[in-house]
Amino acid sequence: MTQPDRPGSAEPHPYDPSAVERKWRERWAAQGTNRTDIERGERPFYALMMFPYPSAEGLHVGNLFAFTGNDIFARFQRLRGHSVFEPIGFDAFGIHSENHALKLGVHPTELIPRNVANFTRQITSAGLMVDWSRAVDTTDPSYYKWTQWVFLQLFRRGLAYRKKAAVNWCPNDKTVLANEQVENGLCERCGATVEQRFLEQWFFRITDYAGRLLANLDTLDWSQTTKSAQRTWIGRSDGAEIRFRVLDPLQDAGSAAVHVTSEVTSGASEIVVFTTRPDTVFGATYLVLAPEHPLVDDVTTGDQEPAVAAYRKRTAAQDLVSRKTTRDKTGVFTGSYAVNPATGEIIPVWIADYVLMEYGTGAIMAVPGHDERDFAFAREFGLPIERVVAGPGDGAHAPLAEPFTDTANARLVNSERFDGYTVDDAKVAITAWLEEKHAARAIVNYRLHDWCISRQRYWGPPIPIIHCDSCGAVPVPEQDLPVLLPNIPDFRPDDSGVSPLARHEEWYRVPCPACGKPARRETDVSDTFLDSGWYFLRYPSVGRDDAPFDAAVTQKWLPVDSYIGGNEHAVLHLMYSRFLTMVLHDAGHLGFEEPFTKFRAHGLIIRDGAKMSKSKGNVVVPDDYIARWGADTFRTYLMFLGPFEEGGDFRDAGISGVRRFLDRVWASVHGARTDGEPDPDVVRKLHQTIRKVGDDIPRLQYNTAIAAMMEYVNVLRRGERVPHRSEVEPLVPLLAPFAPHVAEDLWETLGHATGVFDSGWPEFDPALAAGDAMTIAVQVNGKTRGSVEVARDAGEEVVAAAARGAPAIAKFLPASPKKVIYVHGRLVNFVG
RNA sequence: GCCGGGGUGGCGAAACUGGUUAGACGCGAGGGACUUAAAAUCCCUUGGCCGAAAGGCCAUCUGGGUUCGACUCCCAGCCCCGGCACCA
């Protein structure tokens, strides 16, 4: 335990981080320093960081880097007089935890608390200003009760529905994966090749919100990279739906050059396609349906049936991802023809796997002249390729050796009355023209898909639905929540595609809440992203058992003022959180529809140029560093590595410099003198430093803030100088966000009774920072040749005269400069 | 391929809206002081080339351009990192 010695005492003891940090950890805990007064706190500021998944390996530097970045901003806001709320929790449900439990052969209910305890210890030792009284654990029934409640809100509003869908099935994890969890055909977490399966799944209708999710982005103060990732993911496309009449061979027989030899099986009368290029409709020479398209049976003629059936079977067996990555074109003619509504020409209808059922209408008009994919397909199958758009140099019949996809300076050709139109004009005009003929309508499509929340696994909140033969899917009444996850020993998933819960009749057999007849519980659990999609709403209201979040408290603390996290969650967690917030807003539960006013993505900490991973064996565990150097040094070092939003390469070299800096701050405070007056030059530097640090922290430019403090300490101690107490005192709160323990201790040493974080941010005096002289660079012909010192209020003439008079400059000066450029306070340039 | 971000000393990096001899701050390296010695600490030097020095020249991925002045702006290209990608 350190004994504060008075400033100026002859033999200051050296800085001992472990003693200082232990002392303040204990004192903060005992005094509740980090607890937030949720009800009465003034100027509330909610500083959120992405909560971790409590892995068995413990917290790694990547986590700590992010947390520290948030903690610094949070502590800074507190110093500026805000009541700051910096909560933490554990995202402990999900495949991650479950797989790990399976591997160790330990039940997750045993494993998770162990990991949480370890994380808690690590976070505490890192000195984060976390309010532990409001920690959240997604696996706690008092939390997932409300996760289930959120599901019910969506269900009520018709935003949760069940459908049988082709899904990505991971044969290794034995579960369904969201599209986002598949990377290049492989399972994002285990690397197994993903297969296609058809299962009944619960979906959230996030696509209903696509337009709002996109439009609101413009109003958010978020990292550009994150916003642009979301824009791409939502993928808005403006275009048109165009209807193509399908020829009825009986009616149209003999009417055209169609040789219909077979009977049609049914009366599919039209095919609707989606296109972003309605301007090219005159060049549509065939149609393609997705193999899964519901009209395929209707349009397939008898003689084509075997080929179509074989092709569809083949497609169905293929995994969803290799289908999307293979560029080779395959397909089969259905035997039917349709009429191009623009040209009146009769064109064939094909099926091909390059058309996807889940996008647009699952059908396209193929314009091989102006689309890469259609061109490749037409080449493969000998279908006609026509030019309807020409570049400035091309004639209307210039042959197409490759698709012409430029639209910038292009004009329409071979498109009757639309010839000569620009692409943009033609899009509008042709859509309007077809619209009149009831053959088209302008429409917006989104790439975003509905969110599949079903997981056929054990370790998640059961979806609160009861299936009844008479009543259908009945929501569990709110007063019956939570639907507890039963503690079953055989939680291992199997290949059946149903959840382990489905093996427990005693659990799933329940009476229907509506009619009382025997019914069965839904046995799927929900996606982890549902747990994390609303946790920020819960934090301020932790402890409330009668509501997910308290109205007044939520009103006061939300939306989140500052959210810091990794960009790997740019399109999943952040999109889902926004969506759920919008839904809860629409349902009248929230007064805002965007949860995070400001979001900043932190950079990645890499090691030896590579992302840290267990397989590479380059993971850095913070514990050893904290033990060796102290948490304050380690925190400050992590932030000194590089710009927070860019991350950096972790290496041991360099940490000693930060430690030396803290040693020198320690020595400066403990050795400060109180006699005499502070040095005005030092005081000027001090105020420049206060400004710099105060400007840099809100911009998360922590590395330069630290550099500024180091510079100041160099000035303080230059030439074995002994600093004055008043020069050193304001440095302590500046340092406090970065190195909170040592700052507290030094503050106490300086004789303060209250903690440093309740003492306010030092005041910055612009007059003191400026001083009364200024240095002006002197250039001749744009080349800097020296500088002159002049009074701060000197005008151009005075500066120019001083510059001319400076001996070092005279020899470069032309006899009579043609021009003199003066930039106030910066430079004077003589141009000869 | 498309959309972001980025290329500056031996290394991590600075440089406000084009303006103080580019490289702050830190690491590393070299030299010195203290010490019997080492560690720690403190002081000095440290982009490259030429030069005894004074000083000069060259340097922010490459090549052009705008400007009195460019790491910063414009055009063309190369490389690295991240996201998206048969989405019609």
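Values reported hereafter were calculated over all heavy atoms of this structure, with side chains retained and with hydrogens, waters and symmetry mates removed. Order of the sequence lines sets the chain letters (A, B, ...), proteins ahead of strands, with each chain counted from 1.
Residue A:Arg447 places at least one side-chain N or O closer than 4.0 Å to OP1 or OP2 of B:A85. Within the 4.0 Å cut-off from OP1 or OP2 of B:C86, at least one side-chain nitrogen or oxygen of A:Arg327 is found.
Heavy-atom distances to RNA chain B give each of A:Thr704 and A:Met774 a nearest nucleotide, and the one nearer the 5′ end belongs to A:Thr704. Nearer the 5' end of RNA chain B, as judged by each residue's closest nucleotide, is the contact made by A:Gly647, out of A:Phe640 and A:Gly647.
Here the nucleotide nearest the side chain of A:Ala229, chosen from B:C86, B:G83, B:A14, is B:G83. Closest approach to the A:Arg826 side chain among B:A24, B:U20, B:C84 is made by B:U20 (side chain taken as heavy atoms from C-beta onward).
Atom CZ of A:Arg660 and atom P of B:C42 are 8 Å apart (whole Å). A:Glu711 has its CD atom 14 Å from the P atom of B:A14, to the nearest Å. Distance, A:Lys692 NZ to B:C16 P: 9 Å, rounded to whole Å.
For A:Arg600 and A:Trp222, the positive end is not near the middle of the six-membered ring at less than 6.0 Å and at most 45° from its axis.
Separating the C1' atom of B:G6 from that of B:C71 is a span of 13 Å, rounded to the nearest Å. Across the C1' atoms, B:G12 and B:A29 are found 16 Å apart, a figure rounded to whole Å.
Of the possible polar contacts, none joining the A:Arg387 side chain to the A:Gly369 backbone as a donor-acceptor pair under 3.5 Å is found.
Using modelled atom types, one finds no donor on one side chain facing an acceptor on the other under 3.5 Å when comparing A:Tyr354 with A:Thr326.
Using a 4.0 Å heavy-atom criterion, one finds that A:Arg231 contacts no nucleic acid atom at all. Using a 4.0 Å heavy-atom cutoff across all strands shown, A:Val273 reaches no nucleic acid atom at all.
Against the 90° criterion about 0, the sugar-base torsion of B:G4 places it in the anti range.
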